[in-house]
**Student:** 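Questions regarding the structure given below will be posed in turn.
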2 protein chains.
Amino acid sequence: MTDIEKTLENKSVRPTAMRILIYKYMAEKEIAVALTDIENAFEKAERTTLYRTLKTFEEKGIVHQIDDGTNISKFALCEPGCNCELDQDLHLHFHCSNCDKTVCLTEHKIPHINLPTGYIAEDANLVIKGICDTCSQH
Amino acid sequence: MTDIEKTLENKSVRPTAMRILIYKYMAEKEIAVALTDIENAFEKAERTTLYRTLKTFEEKGIVHQIDDGTNISKFALCEPGCNCELDQDLHLHFHCSNCDKTVCLTEHKIPHINLPTGYIAEDANLVIKGICDTCSQH
DNA sequence: CATTAAATGCACTACAGTTGCATTCATAAT
DNA sequence: ATTATGAATGCAACTGTAGTGCATTTAATG
């Protein structure tokens, strides 16, 4: 049994062929991927299957959904120990306006914010937009 | 000439009847509004007109677009002195997961974030999700 | 009043997201 | 090994937001 299969089983997700492929695809990419990206990478696969796979992965804490301001939901694998289901891994995301890629900056947590009286924070999303390290070198 | 008309002219936007109505609508609402909200408020109006009005308002710095994580673009009037066109008014937004409303917390600016080497920040978007002051009282 | 550009109205297209249902597949029980 | 069961997948739609092209109307100007 491969590492990926073990990871999926640990998260109570049956390691089907399609799921393993999607996991592998996301692990190789270092950037957040949209449903459409996966669709293009696996043209033979059904969009619905990919969609539901991402949903399952998200529910089980295998990936986290990222809203990078493009109005297209992106997903990235959770780091080991990432408890994003519990909204306790509030790392920030960076969206490059040049290459349009979105990355997790897992080492950079969202600072604590004081809210006005009566407001109760449960989750936070911080996206920095600008030029990524690759694009800024050219 | 009313205050709204003056405001629009100051921003080089012709104060047509429809635009004044939309401005008034947004001024009365204290929360960010989606295109659909405006559509429902003015059923006789064309969606395209409303859409383009919002785009025009945004270009001219009358409103700013808010991405609150719902994947539906919302808009809110800019405060006097808000220079969001220049990405220099990085206040945060709060999205209530109970009543689904989004508000600007204009007094709360996004703190400065140190990025990894090579990353250049140009804009930032911080949305806190939770329970708003109205909902937390019930 | 005529000219001209801006604003609006209408009719589309594109695409992300989502759902219902039939079918296939894998697993466990007999 | 066979069957029963539920999960996973495939197929075919629908929904809603965003956006565009073009004709028409409206408003400002000379």
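Just so we're on the same page: letters track the sequence lines, and every chain starts at 1. Side chains are part of it too, since the values below use all heavy atoms of this structure and drop only hydrogens, waters and symmetry mates.
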**Student:** In whole angstroms, how far is the P atom of dG19(D) from the CG atom of Leu50(B)?
**Tutor:** 15 Å

**Student:** For Lys55(A) and dT18(C), is the shortest distance between a side-chain N/O and OP1 or OP2 below 4.0 Å?
**Tutor:** yes

**Student:** Are side-chain N/O atoms of His95(A) and Asp100(A) paired as donor and acceptor at under 3.5 Å?
**Tutor:**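 Indeed, the side chains of His95(A) and Asp100(A) share at least one donor-acceptor pair under 3.5 Å.
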
**Student:** Between residues 28-42 of chain A and DNA chain C, which residues have a heavy-atom gap below 4.0 Å?
**Tutor:**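 Those residues are Thr36(A).
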
**Student:** Holding to side chain to side chain contact (heavy atoms under 4.5 Å, CB included), I want the full list of residues that pass it with Asp133(B), two or more places apart in sequence or in another chain.
**Tutor:**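 Scan of Asp133(B) (side chain to side chain contact (heavy atoms under 4.5 Å, CB included), adjacent residues dropped) gives Tyr119(A).
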
**Student:** Output all residues satisfying side chain to side chain contact (heavy atoms under 4.5 Å, CB included) with Ala45(A), sequence neighbours left out; order by chain, then residue number.
**Tutor:** Met18(A), Phe42(A), Leu50(A)

**Student:** OP1, OP2 of dA16(C) versus side-chain N and O of Tyr51(A): anything below 4.0 Å?
**Tutor:**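 For Tyr51(A), the contact criterion (side-chain N or O under 4.0 Å from OP1 or OP2 of dA16(C)) is not met.
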
**Student:** Expressed in angstrom and rounded to an integer, what is the separation of Ile72(A) atom CD1 from dT18(C) atom P?
**Tutor:**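 Taking CD1 of Ile72(A) and P of dT18(C), I get 13 Å after rounding.
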
**Student:** Is Asn40(B) reaching over with its side chain to a backbone N or O of Thr36(B), donor-acceptor style, under 3.5 angstrom?
**Tutor:**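 Checking the backbone N and O of Thr36(B) against the side chain of Asn40(B), a donor-acceptor pair under 3.5 Å is found.
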
**Student:** Test question: given the 4.5 Å side-chain rule for I, L, V, M, F, W and Y, name all other residues clustered with Ile120(A), or answer none.
**Tutor:**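 Result for Ile120(A) is Ile131(B).
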
**Student:** Are any protein N/O atoms closer than 3.5 Å to N/O atoms in nucleotides 5-14 of chain D? If there are, list each pair with its distance.
**Tutor:**
{"residue": "dA8(D)", "atom": "OP1", "partner": "Arg19(A)", "partner atom": "NH1", "Å": "2.8"}
{"residue": "dA8(D)", "atom": "O5'", "partner": "Arg19(A)", "partner atom": "NH2", "Å": "3.4"}
{"residue": "dT9(D)", "atom": "OP1", "partner": "Thr16(A)", "partner atom": "OG1", "Å": "2.7"}
{"residue": "dG10(D)", "atom": "OP2", "partner": "Thr49(A)", "partner atom": "OG1", "Å": "2.9"}
{"residue": "dG10(D)", "atom": "O6", "partner": "Arg52(A)", "partner atom": "NH2", "Å": "2.6"}
{"residue": "dC11(D)", "atom": "N4", "partner": "Thr48(A)", "partner atom": "OG1", "Å": "3.1"}
{"residue": "dA12(D)", "atom": "N6", "partner": "Thr48(A)", "partner atom": "OG1", "Å": "3.4"}

**Student:** In whole Å, I'd like the distance from the NZ atom of Lys60(B) to the C1' atom of dA7(C).
**Tutor:** 12 Å

**Student:** Whole angstrom is fine here: how far is it from CD in Glu9(B) over to P in dA27(D)?
**Tutor:**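 It is 14 Å, rounded to the nearest whole Å.
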
**Student:** To the nearest Å, how far apart are Glu5(B) CD and dA28(D) C1'?
**Tutor:** 15 Å

**Student:** Round to the nearest Å and state the distance from Asp67(A) atom CG to dA16(C) atom P.
**Tutor:**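 Those two atoms, CG and P, are 15 Å apart.
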
**Student:** Expressed in angstrom and rounded to an integer, what is the separation of Lys74(B) atom NZ from dA18(D) atom C1'?
**Tutor:** 15 Å

**Student:** Go through it in stages, so that I can follow the logic: the residues are His93(A) and His108(A), the test is ring-ring contact (aromatic ring centres under 6.0 Å, His included), and I'd like the CA-CA distance, side-chain angles, deciding distance and then a yes or no.
**Tutor:** CA-CA 9 Å; His93(A) 296 103; His108(A) 292 68; over 10 Å; no

**Student:** What integer distance in Å separates Leu8(B):CG from dA27(D):P?
**Tutor:** 15 Å

**Student:** Are side-chain N/O atoms of Thr106(A) and Glu79(A) paired as donor and acceptor at under 3.5 Å?
**Tutor:** no

**Student:** Holding to side chain to side chain contact (heavy atoms under 4.5 Å, CB included), I want the full list of residues that pass it with Tyr51(B), two or more places apart in sequence or in another chain.
**Tutor:**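 With sequence neighbours excluded, Tyr51(B) shows a side chain to side chain contact (heavy atoms under 4.5 Å, CB included) to Leu35(B), Lys55(B), given in chain and number order.
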
**Student:** If every non-hydrogen atom of Ile31(A) is compared with every non-hydrogen atom of Val103(A), which pair is closest and at what distance?
**Tutor:** CG2-CG1, 3.6 Å

